[in-house]
Amino acid sequence: MSKDTNPKEALIKAAYADVHKFGSNQEYDKAVKAVNRILGVAPEDQTALHCKVVCLMQLSKFDEAHKFIEKNRLNGVLTFEKAYCEYRLNKQQQALKTIDDGATEQPLEPKLKELRTQILYRLERYEDCLDAYKSIIKNSSDEFEDERRTNLSAVAANLALDKDREVPEVP
Amino acid sequence: LTPDMEPIPCKPLFFDLAMNYLELPSLEDKLESPGKKGASITG
């Protein structure tokens, strides 16, 4: 009997096809059901666990996603996802700690750097935030340059509220 | 009794760009066509 006729493998393969389809259509409520079918027969499937976290987050279920990450001991692999949940749950200090303790690469990979900079903004650490944005803007070229420059202006506006300082130069 | 109106700075617009990085992992190795498994070096 060939491997492909194994009912468990066939189920997983079909469910992954659904995850892919619904994920591409941003139908995350349906995608999460397909992921649950995989986890029903393969509860340790790392890819499925990752998919579930992303689906829950796309559905704005940040508390549930965060608990799921901790329960399944995904802290080491899903650093960005864990920190982003904490950011949205208003646990800025914890989010910063998650990134700084969990990052294996220096400099940080772009998504962690972007998130860390937003966390600095929420923490009102505007000087650090300004430096981080300048560095991101210098090193990135994507479709969000305008939005990033808007964020940089927001940082500058907050720094300008301090009457003892000059309005920082925005590149 | 009502205090005088005072101007306050408006809250600057701030975009969440980190959310754009939130994506499903690659499912390429999970979606290979049936029958190919083990048959090729890429399978």
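No part of A:V53 comes within reach of chain B, as not one of its non-hydrogen atoms sits under 4.5 angstrom from that chain. A:D146 does not touch chain B: none of its heavy atoms, backbone or side chain, sits under 4.5 Å away. Contact annotation for B:D16: both backbone and side-chain heavy atoms come within less than 4.5 Å of a heavy atom of chain A. Only the side chain of A:Y84 comes within contact range of chain B, with at least one heavy atom under 4.5 Å from a heavy atom of that chain. In this structure, no portion of A:R116 lies under 4.5 Å from any heavy atom of chain B.
Heavy-atom pairs under 4.5 Å with chain B were tallied for A:A17, A:G23, A:P110; the largest tally goes to A:P110.
Cluster annotation: A:Y133 and A:L108 are assigned to the same hydrophobic cluster (Ile/Leu/Val/Met/Phe/Trp/Tyr, side-chain heavy-atom contacts under 4.5 Å, transitive). Note on A:F22 and A:V32: separate hydrophobic clusters, where clusters join Ile, Leu, Val, Met, Phe, Trp and Tyr whose side-chain heavy atoms are under 4.5 Å apart, directly or indirectly. When hydrophobic clusters are built by joining Ile, Leu, Val, Met, Phe, Trp and Tyr residues whose side-chain heavy atoms come closer than 4.5 Å, directly or via intermediates, A:L96 is grouped together with A:Y87.
The shortest side-chain heavy-atom distance between B:N20 and A:F144 falls under the 4.5 Å cut-off. Between A:V155 and B:P12, the closest side-chain pair of non-hydrogen atoms is not below 4.5 Å.
No more than 12 heavy atoms of other residues, nucleotides or ligands shown are found within 6.0 angstrom of NE2 on A:H20.
Classified by interplanar angle (parallel below 30°, tilted 30° to 60°, perpendicular above 60°), the ring pair A:Y121/B:F14 is parallel.
Atoms CG and CE, on B:L22 and A:M57 in that order, are 4.5 Å from each other to the nearest 0.5 Å. In this structure, the separation between CZ on B:F15 and CZ on A:R149 is 13.0 Å, given to the nearest 0.5 Å. Between the OG1 atom in A:T117 and the CG atom in B:L17 there is a gap of 10.0 Å [rounded to 0.5 Å].
Across every non-hydrogen atom of B:L13 and A:N151, the tightest pair is O-OD1, 4.3 Å. Scanning all heavy atoms of the two residues, the minimum distance from B:E23 to A:V54 falls at O-CG2, 3.4 Å. Of all non-hydrogen atoms in A:Q58 and B:M19, the two that sit nearest each other are OE1-CE, 3.7 Å. Contact record, A:C55 with B:L24: SG-CD2, 4.2 Å, taken as the closest heavy-atom pair. Scanning both residues, B:A18 and A:Q118, for their nearest heavy atoms gives N-OE1, 3.0 Å.
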Exercise for the section: Take B:L27 and A:C51 through the side-chain contact (heavy atoms from CB on, under 4.5 Å) test and state the conclusion after the steps. Expected result: CA-CA 9 Å; B:L27 301 178; A:C51 288; 3.8 Å; yes
Between A:D45 and B:K30, is a side-chain contact (heavy atoms from CB on, under 4.5 Å) present by the stated rule, with each step listed?
CA-CA 11 Å; A:D45 186 320; B:K30 307 284 181 187; 4.0 Å; yes
